[in-house]
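This report refers to the structure that appears directly beneath it.
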Amino acid sequence: MAKKLVFGHQNPDTDTIASAMGAAYLLQEVYHEETEAVALGEPNAETQYALDYFGLSSLRVIEKADTKEVVLVDHNEKAQSVANLDDVEVVGVYDHHKIDFTSASPIWFTNKPLGSVATILYYEFQANQIEIPKAIAGMLASAIISDTLLLKSPTTTKLDQPALAGLAQAAGIDDYEAYGMDMLKAGTDLSQRTAQELIDGDAKSFDFNGHEFRIGQVNTVDIEDTLNRQAEFEAAMQASEYNNFLFVITDILNSNSKAIFVGPDAAEVEKAFNAKLDNNVIDLPGVVSRKKQVVPPLTAAF
């Protein structure tokens with residue numbers, strides 16, 4: 001039986017890494033598939049904290065799929081996937097984003113508007129009565145914490161909290177709020193990371209009615225301290241290949257953001273958020289989710 005690679009999007013976050021691990025194990029147990037969870041980039045500091053906490057090694061990093069069949073997690077768009085996606089067969093998808101996918105033949109496609117792919121996988125394990133190994137349960141719990149900002153993000157659904165509680169119990173996490181805050185804070189130490197690393201670390205590309213946008217996001221506990229590096233960020237953003245670049249800086253403690261913008265479409269950015277850019281910075285009170293609170297207003301503005 002040929003091995004299937006299971007992987008998430010480029011610039012992987014915690015949900016991407018954990019869901020690749022979880023889906024690979026689920027497919028092995030339910031369908032007796034030979035799978036390997038891999039990644040399209042190195043883990044960020046937050047994900048590394050979770051990996052270290054549960055005694056797991058980082059996934060093998062690939063740029064191109066070296067097998068014929070693949071399963072996608074946490075994405076379904078070609079631009080966010082492996083370079084040779086057209087040359088392989090996608091046989092399954094687990095995702096919670098908008099659908100931009102076509103297939104020449106029927107496939108397993110699970111897409112639900114839940115807070116994380118880890119939540120989807122938790123209920124898949126439950127439905128199939130498969131016990132989740134402690135370390136994988138810990139990573140899946142970490143993924144829900146990450147994507148929902150400890151259940152405070154507007155992306156959080158009524159199914160995420162029970163899933164997080166169940167996974168935390170399976171992982172032996174006595175207090176998932178305390179663990180979650182430690183993990184989230186581990187991802188906010190930005191001092192040792194270059195401006196390029198920060199704008200690229202959690203960035204995705206979008207097309208808004210023919211207008212190319214790159215939207216990056218970073219979590220912090222002090223927005224103003226991070227903005228002290230604005231000149232560095234702007235230089236890296238302007239040197240990128242993208243016409244418009246929005247870099248969102250999110251305060252995970254107070255659930256607010258500010259964003260730096262460079263590009264020709266400033267009027268549309270101001271229209272989207274009903275606010276003015278001041279020295280290329282726009283205030284985004286209450287905004288924490290790119291998927292729910294950044295992309296939709298930009299889509300509407302264009």
Side-chain angles (χ1 to χ4, degrees), residues 1-44 47-48 50-52 54-97 99-112 116-143 146-147 167 170-171:
M1 183 182 298
K3 180 171 66 176
K4 294 177 174 62
L5 294 185
V6 184
F7 52 82
H9 55 71
Q10 300 169 17
N11 300 319
D13 56 18
T14 303
D15 193 30
T16 289
I17 298 297
S19 295
M21 292 177 169
Y25 184 80
L26 179 70
L27 292 171
Q28 289 172 10
E29 294 298 303
V30 176
Y31 302 110
H32 307 291
E33 305 272 16
E34 184 180 351
T35 62
E36 179 189 1
V38 295
L40 306 190
E42 297 293 340
N44 60 33
T47 309
Q48 191 62 55
L51 290 168
D52 292 343
F54 294 105
L56 294 170
S57 300
S58 300
L59 298 180
R60 179 168 70 95
V61 175
I62 64 168
E63 290 185 5
K64 293 184 177 182
D66 51 6
T67 188
K68 292 182 178 180
E69 296 182 333
V70 303
V71 175
L72 309 183
V73 300
D74 204 23
H75 77 297
N76 66 84
E77 297 186 50
K78 178 181 175 181
Q80 299 175 9
S81 202
V82 286
N84 65 331
L85 191 65
D86 287 338
D87 301 326
V88 298
E89 181 182 1
V90 178
V91 296
V93 177
Y94 294 97
D95 197 13
H96 66 144
H97 296 96
I99 298 172
D100 183 10
F101 183 86
T102 58
S103 175
S105 58
I107 68 168
W108 292 102
F109 196 107
T110 303
N111 186 292
K112 298 180 180 181
S116 72
V117 178
T119 301
I120 296 171
L121 290 171
Y122 170 76
Y123 290 107
E124 291 287 314
F125 276 104
Q126 294 293 104
N128 287 282
Q129 299 182 322
I130 302 296
E131 183 176 350
I132 311 173
K134 182 176 181 179
I136 291 179
M139 290 302 299
L140 292 173
S142 302
S146 177
D147 264 24
L167 289 165

Measure across L51 and M21 and return the closest heavy-atom pair with its distance rounded to 0.1 Å. CD2-CE, 3.6 Å
Find the distance between CG (L40) and NZ (K64) and round it off to the nearest 0.5 Å. 13.5 Å
Spacing of CE belonging to M139 relative to OG1 belonging to T47, to within rounding of 0.5 Å: 6.0 Å
Roughly how far, to the nearest 0.5 Å, is the CD1 atom of I17 from the OG atom of S142? 12.0 Å
Hey, what do you get for CG (L72) to OG1 (T16), rounding to the nearest 0.5 Å? 11.0 Å
Keeping to residues at least two apart or across chains, list the side-chain hydrogen bond (donor to acceptor under 3.5 Å, both in side chains) pairs with something in residues 121-134. none
Exercise: identify the closest heavy-atom pair between Q10 and A79: NE2-O, 3.4 Å
Provide the closest heavy-atom pair for L26 versus L121 in the form atom of the first, atom of the second, distance. CD2-CD2, 4.1 Å
Just verifying a value: how many Å separate N44 CG and T14 OG1, rounded to the nearest 0.5 Å? 5.0 Å
Please list, one pair per line, the donor and acceptor atoms closer than 3.5 Å that link side chains of residues 84-91 to other protein atoms, with sequence neighbours excluded.
unit_1	atom_1	unit_2	atom_2	d
N84	OD1	A65	N	2.9
N84	ND2	A65	O	3.1
D86	OD2	K78	NZ	2.5

Using a 4.5 Å cut-off on heavy atoms from C-beta on, say whether the side chain of D66 contacts that of R60. yes
Check the pair L56 / I136 against side-chain contact (heavy atoms from CB on, under 4.5 Å), numbers first and verdict last. CA-CA 9 Å; L56 294 170; I136 291 179; 5.6 Å; no
With under 30° as parallel and over 60° as perpendicular, where do the rings of H9 and H97 fit, or are they tilted in between? perpendicular
With respect to T35, which candidate in Q28, K3, E69, K4 satisfies the side-chain hydrogen bond (donor to acceptor under 3.5 Å, both in side chains) definition? Q28
Would I130 and Y25 satisfy side-chain contact (heavy atoms from CB on, under 4.5 Å), going step by step from the backbone distance to the final call? CA-CA 10 Å; I130 302 296; Y25 184 80; 4.2 Å; yes
Any side-chain heavy atom of L27 sitting closer than 4.5 Å to one from W108? no
So, for L59 and A20, which heavy atoms are closest and what is the spacing to 0.1 Å? CD1-CB, 4.3 Å
Quick check against the 3.5 Å criterion: does S103 have a side-chain atom that pairs as donor or acceptor with the backbone of P106? no
Any sub-3.5 Å donor-acceptor pair from D15's side-chain atoms to A143's backbone N or O? no
Modelled atom types, side-chain donor and acceptor of N111 and H96, under 3.5 Å: no
Check step by step if side-chain contact (heavy atoms from CB on, under 4.5 Å) holds for D95 and D74. CA-CA 5 Å; D95 197 13; D74 204 23; 4.2 Å; yes
What is the distance from atom NE2 of H75 to atom CZ of F7, rounded to the nearest 0.5 Å? 5.5 Å
Check F125 against G22 and note the closest heavy-atom contact, atom names and distance. CZ-O, 3.5 Å
Under the side-chain contact (heavy atoms from CB on, under 4.5 Å) rule, what do V82 and V70 come out as? Steps first, then yes or no, please. CA-CA 10 Å; V82 286; V70 303; 6.0 Å; no
